[in-house]
Engineer: 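Can you read through this structure? Questions will come right after.
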Amino acid sequence: MSKAAELANLIGNINAGGGGVGRNLFINGAMNVAQRSTSETGLGATAGYYTLDRWKTDFSSTAGRLTMTQDSSAPSGFANSLKVACTTADTSIAAGEQFTIEQSIEAQNCQSIAKGTADAKPLTLSFYCKANANATYVAELYAQDVDRRISSLFSVTTDWTRVEITFPADTTGVIADDNGSGIKVGLWLHAGSTYSGGTLQTTWAAASDNTRATGGDSFFDSTSRTFFLTGCQIEIGQNPTSFEHEPFDVTRHKCLRYYEHNYEAGYYPADGVTYSNTASPFLGNCYHSSGGGGKYILTYHKFEVEKRASPTTTMYRVAGLGGGSTANRWDWFNYSGGWDETDDATEAGEISSQHHGALARDSGAGVDEALNIAGGWEADAEL
Amino acid sequence: MNISEAQYTTSENKIIRVVDGSNTRFVPVDLNNRHYAEILKQVKAGTLTIKDAD
């Protein structure tokens, strides 16, 4: 696209209520932040967030399996992409099967779209993708609050290609101004007849499921299948503009609203990570709970960024202190005997969007003492 | 999340301890938490029971 055309598109979007800095409603569209992991194998049984922040893989009923990685293959101007590679094919597609790569945009960040009003704005989705072979897949916008959706086919080739799709404004169905999901953008890479038996829904409607992904190929038809994705942008306006790059720390900060852990960069939540690669040890206070039948060491951890909602927390043991090797147990410093493994797995004390408490029990801890305690944790408030 | 067990951590019923594959996770009783929403869905479907706290 020429610079003149790019400028015309940007001005057109600004006139339509979009454009400018912060126009990309996606977070981590350049696939630069991967707090959970950079590679996970055997995915396909359970939906979830496995590698790149904010990008969910949703599976249903498929026997297909894949490896998902943060990959260094990327178009010019990008350093990373999301890669999925089929490792187990599934050519007998049952009705309810599904594989999508998706991101849900928080509803309060969708208000400028004015969806459901006379002033509703069109949305333009753009991204770079490539694959091992030519294929056709489906991109879908889904407004969960009001159960309305719209889909469009797109093509992928063996070279990096910029896909640009403009979805019309939807004057029906207001998105609530809250912290739930506003619009979910999904790329359908595999769909059974439950999602593909009808005619593809190419206008906004409260349509039946079988119109969501009609006409798309199956990613799981061969173990040679790959799909790469980066430079994802969804913006207000009818014109695609160039990807809005941002500093790494800005993207990471946005991601922290949805997921955070206390591991150093390059280390990921799991039992057995060396304590020096975590933000621990930390101080805890020991108290005696007659009701709980033991001595508890309580620690509080204020999140770096307030979470979207109260998160799910998980505790992990650390290695390198010599306390022990039992899963989920933290180590505490016993002044009379050195580092010691707690008697039980560490539990959540309390959880809010601002902080979480962790509760470790050990019969040898001294009541009213401030003790050093070491452990790993993660907090997940994804949509 | 692949939940095989669920139990409140205390009698206040504010947090649910769940076994998710090889991990134990702590899910707050918050309708905006997607794991809690999933637990409610499974309870409603009759495939999961949340045990009382010990």
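The analysis underlying the following values was restricted to heavy atoms, covering all of them including side chains, and did not include hydrogens, waters or symmetry mates. These figures come from a predicted structure and were not determined experimentally. Chain letters run A, B, ... following the sequence lines, proteins first and then strands; every chain starts at 1.
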Engineer: Where does Asp178(A) contact chain B at under 4.5 Å (heavy atoms): side chain, backbone, both or neither?
Structural biologist: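 Neither part; nothing is under 4.5 Å.
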
Engineer: Check whether Tyr142(A) forms a cation-pi arrangement with Arg149(A) (NZ or CZ under 6.0 Å from the six-membered ring centre, at most 45° off the ring normal).
Structural biologist: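 Yes.
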
Engineer: Would you call the rings of His356(A) and His301(A) parallel, tilted or perpendicular, taking 30° and 60° as the class edges?
Structural biologist: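 Rings of His356(A) and His301(A): parallel, under 30°.
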
Engineer: Given that the side chain runs from C-beta out, which part of Ser104(A) has a heavy atom under 4.5 Å from chain B: side chain, backbone, both or neither?
Structural biologist: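 Neither part; nothing is under 4.5 Å.
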
Engineer: Which bit of Thr46(A) comes within less than 4.5 Å of chain B, counting heavy atoms only: side chain, backbone, both or neither?
Structural biologist: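 Contact with chain B: side chain only.
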
Engineer: Tell me which of these, Asp20(B), Ile15(B), Val27(B), has more heavy-atom pairs under 4.5 Å with chain A than the rest.
Structural biologist: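 Option with the greatest count: Ile15(B).
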
Engineer: Between Asp331(A) and Arg329(A), is there a side-chain N and carboxylate O pair less than 4.0 Å apart?
Structural biologist: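 Not counted as a salt bridge, because no side-chain N and carboxylate O are separated by less than 4.0 Å.
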
Engineer: Relative to chain B, which segment of Ala379(A) carries a heavy atom at a distance below 4.5 Å: side chain, backbone, both, or neither?
Structural biologist: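 Looking at Ala379(A), nothing touches chain B.
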
Engineer: Identify which one of Arg54(A), Arg257(A), Lys184(A), Lys254(A) satisfies the salt bridge (charged side-chain N to carboxylate O under 4.0 Å, His left out) criterion when paired with Glu106(A).
Structural biologist: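 That would be Arg257(A).
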
Engineer: Going by the angle between their ring planes, with limits at 30° and 60°, are Phe59(A) and Phe220(A) parallel, tilted or perpendicular?
Structural biologist: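 Answer is tilted, since the angle falls between 30° and 60°.
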
Engineer: Is it the backbone or the side chain of Glu378(A) that comes under 4.5 Å from a heavy atom of chain B, or both, or neither?
Structural biologist: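 The side chain, not the backbone.
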
Engineer: Is it the backbone or the side chain of Asn2(B) that comes under 4.5 Å from a heavy atom of chain A, or both, or neither?
Structural biologist: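 Both backbone and side chain.
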
Engineer: Look at Pro311(A), Ser310(A), Ala309(A) and state which one has the largest set of heavy-atom pairs under 4.5 Å with chain B.
Structural biologist: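 Of the options given, most contacts go to Ser310(A).
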
Engineer: Assess whether a salt bridge exists between Lys307(A) and Glu260(A), defined as any Lys/Arg side-chain N lying under 4.0 Å from an Asp/Glu carboxylate O.
Structural biologist: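 Salt bridge between Lys307(A) and Glu260(A), a charged N being under 4.0 Å from a carboxylate O: yes.
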
Engineer: Are the ring centres of Trp377(A) and Phe26(B) closer than 6.0 Å?
Structural biologist: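 No, they do not, as the ring centres are separated by 6.0 Å or more.
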
Engineer: Measuring heavy-atom distances to chain B, does Leu359(A) have an atom under 4.5 Å in its side chain, in its backbone, in both, or in neither?
Structural biologist: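 Answer is neither: Leu359(A) stays 4.5 Å or more from chain B.
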
Engineer: Hey, which of Leu383(A), Asn328(A), Asn179(A), Asp271(A) has the most heavy atom pairs under 4.5 Å with chain B?
Structural biologist: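 Most pairs with chain B among the choices: Asn179(A).
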
Engineer: Less than 3.5 Å apart, any donor N or O on the side chain of Gln7(B) or Asp54(B) sitting next to an acceptor on the other?
Structural biologist: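 On atom types as modelled, these side chains qualify, holding a pair under 3.5 Å.
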
Engineer: Would you mind checking which part of Arg17(B) comes under 4.5 Å of any heavy atom in chain A, side chain (CB onward), backbone (N, CA, C, O), both or neither?
Structural biologist: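 Side chain only.
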
Engineer: If you count heavy-atom pairs under 4.5 Å with chain A, which of Asn23(B), Thr10(B), Thr9(B), Leu31(B) comes out on top?
Structural biologist: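 Top option by heavy-atom pairs under 4.5 Å: Asn23(B).
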
